[in-house]
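Here is the naming used below: chain letters follow the sequence lines, and residue numbers restart at 1 for every chain. Below, all heavy atoms of this structure are taken into account, side chains as well, without hydrogens, waters or symmetry copies.
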Amino acid sequence: MGKLGVIAAIAFLVAVLSYFLIPLLWMIFAAFDPNAGPELKIPTNPSLVNFEKLAEPIGAAVPYTWILNSLIIASASATLATVLALLAAYVMTRHSFRGQEALTTMFVSFRLIPVIVIALPIMVLYKGWGLNNTLQGVILAHTALILPFAILILDGYLRGIPTTYEEAAMIDGCSKLGAFLRITLPLALPGLVTVWLISFVFSWGEYVIPRLIIATETLTPAAVGLDYFKGLHGQIDYGRIAAFSILYTLPVVAIFMYIKKYLQRGVAGLVSR
Amino acid sequence: MSTIRLESITKIFPPNVVAVDNVSLKIEKGEFFVLLGPSGCGKTTTLRIIAGLEKPTRGRVYIDEEDVTDLPPRKRDIAMVFQTWALYPHMKVYDNIAFPLKLRKLPQHEIDRRVREVAKMLRIEELLDRYPKQLSGGQQQRVALARALVRNPRAWLMDEPLSNLDALLRVQMRAELKRLQKELKITTVYVTHDQVEAMTMADRIAVMNRGRVLQVGTPFEVYHNPRTIFVGGFIGSPPMNFVRATFDKVGENYVLRFENVSLTIPSELGKHIENRVGTGSEVVIGIRPEHISLASAEEENAIPGEIYVVEPLGTETILNVKIGETVIKMKVLKELILPVGERVWIKFDLDRIHIFDPKTEEAIV
Ligand SMILES: Nc1ncnc2c1ncn2[C@@H]1O[C@H](COP(=O)(O)OP(=O)(O)O)[C@@H](O)[C@H]1O
Ligand SMILES: [Mg+2]
């Protein structure tokens, strides 16, 4: 490749990158700019004033509450889903029973149904159960939505860990369950962490369920809360939306960096020989 | 030191794979007992039944004459070395060895003392701080042995523990394992498909095929008195030669005929065969390569043949001699490397031949 070719290639890369990065760049600039507007510009007197303004109420709730609600919903859903998926995957991989494969297929096909289709029946059912407009309601629905994937991932993960280790442990003095808890569980930890984080990210970003189930502003999670910034007072506070967006994005970015590091460290590689 | 007894053990895997077929065995105190047989013959399944990792479909398992058939592995107080060694990947060598003791809630200083003692015995003291994947195959093997040894189990079960080592290390570990077992006098059931391993290590061998035990005996017995064609062919390297022949009586002499050859056999042997199957019947002659020698044409019972393949092994040479359409392997001195195609005369040591019934495949004599 000639010099011209290299320059052309770099120019092309810059163009592609800008296409993806400019919205992100706008968000970062605007978040720290007290006079942010719809145009892309570097803040002349950067400050944290937009973040401070997130402590002021919009309607009945303070935006920070929405982040907190999201944290509660996402971590509870992820934990519940991971624990339940582990129990299911244990039974599916360490015991054999009739209809095992049919069950797996069923789990996957459930998950192929769009969320919006399930959301309405959930809302109707919740009416009877008194779960509408509660965080528990959202958590329960998210857990159910995550579960098929979580089971599938953990099933694959546990299958990858030879049962010989458990057998060795049983001979060394463990009960069947003890062998699983003492040997296989620690070996499955990377898989559990991965499932938890993926579940967290799903719940964190899921919009449809809370949109339908939650009616009170103080119980709203961040994904839905973003809606309330738009034109509540007749005008859009770009700086505040940008600041909120950054807070909303940070946990997800952190999680992906963590997963990457975790997988690169190759804890999974301990098992394979 | 304990005894192990299997009583009519049968294991059928669904839908109907008969992995172990009515096996009864008694393993004595402190004995080094080897289960020998080709891959898939049910050795591992038998061992796992003794360990309690599989439930037999029928039959009972006794350890020290106590019925343990329905006990889980942890209540049987036996140790096992797996073919893949199965060291816990997330634990250091020290914790791997200490694991059985921790489960028994021994005091910390006692655990430490015993781990270090067994590590010293197996010369892995400097490896205690490593993870299993940081060890070579031979080192992992020692750690697996250490974990099995550390709690003085009633018996040691080993499933081809040397098969994942390279050839040189295997020979070395063979001797070391045998010495260790004799020193500690632990009742040992050792599974292998390698007949050399079985011959060199065992006090007694059970030869298995297709889920059945065909013969139990000392290495000497199974080598010199194979009760079936299978046992004769499985033990020894190169294996026993088998030749189909017709048994007959000519005047006062008993003869075995095959190809264009007619061998006059000792009359005592002839009478024996006559009593069992009668003259004119088909038999199978079994003869080991070391019981065939080169001869000269004029010798009685000399068989003409032609050198087909020569396999020099260094300490000895294996000659493949073609007699008609039959190829016979024989062992000769290392210096005797004859050209292919050379015409030779060979002679069977007729006191060492085995006669089998081709239908039942069992030994007649
Ligand atoms: N869990 C199992 N399910 C079904 N068949 C099995 C199982 N384990 C072993 N077998 C079958 O039983 C037979 C004996 O196996 P195994 O005891 O492992 O033989 P070996 O150790 O002598 O090679 C084989 O045909 C094998 O395929
Ligand atoms: Mg095996």
Side-chain angles (χ1 to χ4, degrees), chain A residues 86 89-102 154 156-196 261-273, chain B residues 13-14 44 47-48 50-54 71-92 95-106 130-137 140 143-144 146-151 153-159 161 164:
Chain A
L86 177 69
Y90 170 66
V91 173
M92 286 167 71
T93 56
R94 296 304 192 249
H95 298 267
S96 57
F97 54 88
R98 211 174 295 203
Q100 211 157 14
E101 272 164 41
L154 283 184
Y157 207 89
L158 291 189
R159 255 173 233 290
I161 302 173
T163 50
T164 319
Y165 297 128
E166 275 169 59
E167 290 176 349
M170 281 164 70
I171 286 183
D172 281 347
C174 287
S175 64
K176 194 170 168 71
L177 185 64
F180 180 79
L181 295 178
R182 282 166 179 275
I183 303 299
T184 306
L185 202 58
L187 292 177
L189 202 62
L192 290 172
V193 171
T194 307
V195 165
W196 192 90
K261 212 178 106 201
Y262 206 68
L263 293 185
Q264 271 171 353
R265 222 174 46 202
V267 179
L270 275 174
V271 177
S272 58
R273 200 179 45 190
Chain B
F13 286 110
T44 297
L47 201 69
R48 289 169 60 87
I50 299 174
L53 294 171
E54 301 284 356
L71 292 185
R74 67 176 191 282
K75 302 223 166 118
R76 298 189 180 195
D77 191 24
I78 34 90
M80 183 157 167
V81 180
F82 289 80
Q83 188 167 4
T84 52
W85 306 317
L87 300 179
Y88 309 126
H90 58 303
M91 295 184 196
K92 289 184 171 172
D95 298 306
N96 261 282
I97 301 174
F99 189 68
L101 302 180
K102 281 183 185 157
L103 291 173
R104 280 165 183 72
K105 306 219 160 37
L106 261 63
R130 300 223 202 137
Y131 282 98
K133 70 166 184 178
Q134 299 169 314
L135 305 179
S136 71
Q140 291 190 37
V143 176
R147 189 175 65 187
L149 268 179
V150 75
R151 64 190 161 94
R154 292 207 282 185
W156 246 8
L157 309 180
M158 300 197 214
D159 190 357
N164 284 340

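- Between Ala168(A) and Arg147(B), the shortest heavy-atom contact is CB-NH2, 3.8 Å.
- The contact between Ala169(A) and chain B is made by backbone and side chain atoms together, counting heavy-atom distances below 4.5 Å.
- Of all heavy-atom pairs spanning Asp172(A) and Arg104(B), the tightest one is O-NH1, 2.8 Å.
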Assess whether side-chain contact (heavy atoms from CB on, under 4.5 Å) is satisfied between Arg76(B) and Ile171(A), documenting all intermediate values. CA-CA 8 Å; Arg76(B) 298 189 180 195; Ile171(A) 286 183; over 6 Å; no

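- Partners of Asp77(B) under the salt bridge (charged side-chain N to carboxylate O under 4.0 Å, His left out) rule, at least two apart in sequence or in another chain, are Arg151(B).
- Counting heavy-atom pairs closer than 4.5 Å to chain A, the top residue among Lys102(B), Met91(B), Arg48(B) is Arg48(B).
- Counting heavy atoms from C-beta outward, Glu167(A) and Met80(B) have side chains that stay 4.5 Å or more apart.
- No side-chain heavy atom of Leu189(A) sits less than 4.5 Å from a side-chain heavy atom of His90(B).
- Interface check for chain A: of the options Pro132(B), Pro100(B), Ala148(B), Pro153(B), the most heavy-atom pairs under 4.5 Å are formed by Pro100(B).
- Across Tyr88(B) and Tyr165(A), no two heavy atoms sit closer than the pair CE2-O, 3.5 Å.
- For Ile78(B), the parts lying under 4.5 angstrom from a heavy atom of chain A are both the backbone and the side chain.
- The shortest heavy-atom contact between Ala86(B) and Thr164(A) is CB-CG2, 3.7 Å.
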